[in-house]
Amino acid sequence: MTDQIVLNHVTKSFTTKELGTVVAVNDFNLTVKKGECFAFLGPSGCGKTTTLRMIAGFEDLTEGQIYLGDKLVSDSKKNIYIPPEKRELGMVFQAFAVWPHMNIFDNVAFPLKVKKVPKAEIKERVTKALHYTSLDGLEKTFPSDLSGGQQQRIALARAIVVNPDVMLLDEPLSNLDPHLRETMRFEIKRLQKEFGFTIIFVTHDQAEAMAISDRMLVMDMGNVQQIGTPSELYNKPINKFVHSFLGQSNFTKVVIKDGKAYAKGHMDQTIAVDGNVPEENGEMILATRPNTIDINRESGYKTRIIKRTFKTDFVEYLVAIGDDTVLIQTPHRNLFKSGEECYIRVHNPAWYPPEDEEAEKERERRNVV
Ligand code: ADP
Ligand code: MG
């Protein structure tokens, strides 16, 4: 597969009175292949939109280069910036970017009119784009007469009408209700199959990122944390941040001593671990998922059920390990009562260094805008 989007050492700093200098995007390196659907996932303020805006050409670069196909479109050193309209991209942003005073046909035709495409061709391409986004027959309707989902389809139709090689989608479904979001996810994938464009899909919703993408990355405070397939990131997160951002996590403060793990402040009982325990003595974070802890009546770490909750497909228990609690999800057939004594074993946990409180403060600082 050929490379469609390449970012080399892309960095962007902003300086404002309120926040001082923020490195919104720091040394970002990425290669997205032609035809890939690639998701950017991360909390608000981590730099997703800024990265997308640099790819689109709305933002210059403090450092680095961007290639689209084999064309150099941004280069901080050579001061090369190809303007957005010459990058042949389709774009859809979070806020419904439709023009209220134009009917649907004119909304979708707009980018072609700007390019001075002949009238007959505009008609043909707009009709096709409306067809593929299930908006047939609504040419003369105004956006205000349509539902939120239909309005977002207008934005999609306007993006595909230019036959882009690349689609940049910035939280395109955030304003839709959950059911519609799921439908639109399928629509986007279907359109991608039909037209073969490459997608970058920005979201802060992990389920959405995992459902839609072939590969994805997780960002934190301007830094790419990890790049991989959804299952690689879920099953082998490289740090606590990525672990916490995908799926449900339990983090337990532990002390490692001579190859055994103890709840911090409770050296009387070892935690039963099936899997590796770090060799080095000292404090660590033990990371588990609710479905990787076994609960039984015979052996393991002895504790007690604090709370039991019936969920549709499983039972959830809240159980103490030292001063922390963990959530455990098990099938209905293995029932414990609240308050009952039990034993737990953790399977193949991940281990991370203790909390970084400075990082937490910095995350908050960035989340102001
Ligand atoms: P995300 O899309 O992940 O929520 P953004 O890319 O919008 O994050 O923002 C990343 C950081 O850059 C934030 O700290 C934000 O405050 C800052 N930022 C973004 N755009 C500007 C701007 N035009 N001026 C100053 N700071 C900005
Ligand atoms: Mg954003």
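Note: hydrogens, waters and symmetry copies are ignored here, and every other heavy atom, side chains too, is used. Start at 1 and go down the list; that is how both ligands and their atoms are numbered.
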At a non-hydrogen distance cut-off of under 4.0 Å, which region of Val22 contacts ligand 1 (side chain, backbone, both, or neither)?
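Within the 4.0 Å criterion, Val22 contacts ligand 1 through side-chain atoms alone.
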Which segment of Thr50 sits under 4.0 Å of ligand 1 when only heavy atoms are counted:
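Within the 4.0 Å criterion, Thr50 contacts ligand 1 through backbone and side-chain atoms alike.
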When you check the gap from the basic side-chain N to the acidic O, do Arg181 and Glu208 get nearer than 4.0 Å?
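Between Glu208 and Arg181 there is a salt bridge, with a charged N closer than 4.0 Å to a carboxylate O.
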Aromatic ring pairing Phe336/Tyr317, orientation class (parallel under 30°, perpendicular over 60°, tilted between):
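Taking Tyr317 first and then Phe336, their aromatic rings stand perpendicular (interplane angle over 60°).
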Ligand 1 and [X], any nitrogen or oxygen pair closer than 3.5 angstrom?
X: Gly47; result: yes
X: Ala24; result: no
X: Thr16; result: no

Does Thr50 bring an N, O or S atom to under 2.8 Å of the Mg ion (ligand 2)?
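Given the 2.8 Å cut-off, Thr50 does not count as a ligand of the Mg ion (ligand 2).
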With no hydrogens and no angle check, is any side-chain donor or acceptor of Ser13 less than 3.5 Å from a backbone partner on Val23?
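Judged by distance alone, no pair lies under 3.5 Å.
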Exercise answer: donor-acceptor pairs, residues 338-346 side-chain atoms, under 3.5 Å, sequence neighbours excluded:
| from | atom 1 | to | atom 2 | distance (Å) |
| --- | --- | --- | --- | --- |
| Ser338 | OG | Arg308 | N | 3.3 |
| Glu340 | OE1 | Lys337 | N | 2.8 |
| Glu340 | OE2 | Arg297 | NE | 3.1 |
| Glu340 | OE2 | Arg297 | NH2 | 3.0 |
| Arg345 | NE | Asp274 | OD1 | 3.4 |
| Arg345 | NE | Asp274 | OD2 | 3.3 |
| Arg345 | NH2 | Asp274 | OD1 | 2.9 |

Given the rule that I, L, V, M, F, W and Y join up when any side-chain heavy atoms are under 4.5 Å apart, are Val32 and Leu41 in one cluster?
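The answer is no; the residues belong to distinct hydrophobic clusters.
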Donor-acceptor pairs under 3.5 Å, side chain of residues 157-166 to any protein atom, not counting sequence neighbours: which ones?
| from | atom 1 | to | atom 2 | distance (Å) |
| --- | --- | --- | --- | --- |
| Arg158 | NH1 | Ala97 | O | 3.0 |
| Arg158 | NH1 | Asn107 | OD1 | 3.3 |
| Arg158 | NH2 | Ala97 | O | 2.3 |

With the threshold set at under 4.0 angstrom, would you say Gly42 reaches ligand 1 through any of its heavy atoms?
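In this structure, Gly42 fails to qualify as a contact of ligand 1 - no heavy atom is under 4.0 Å.
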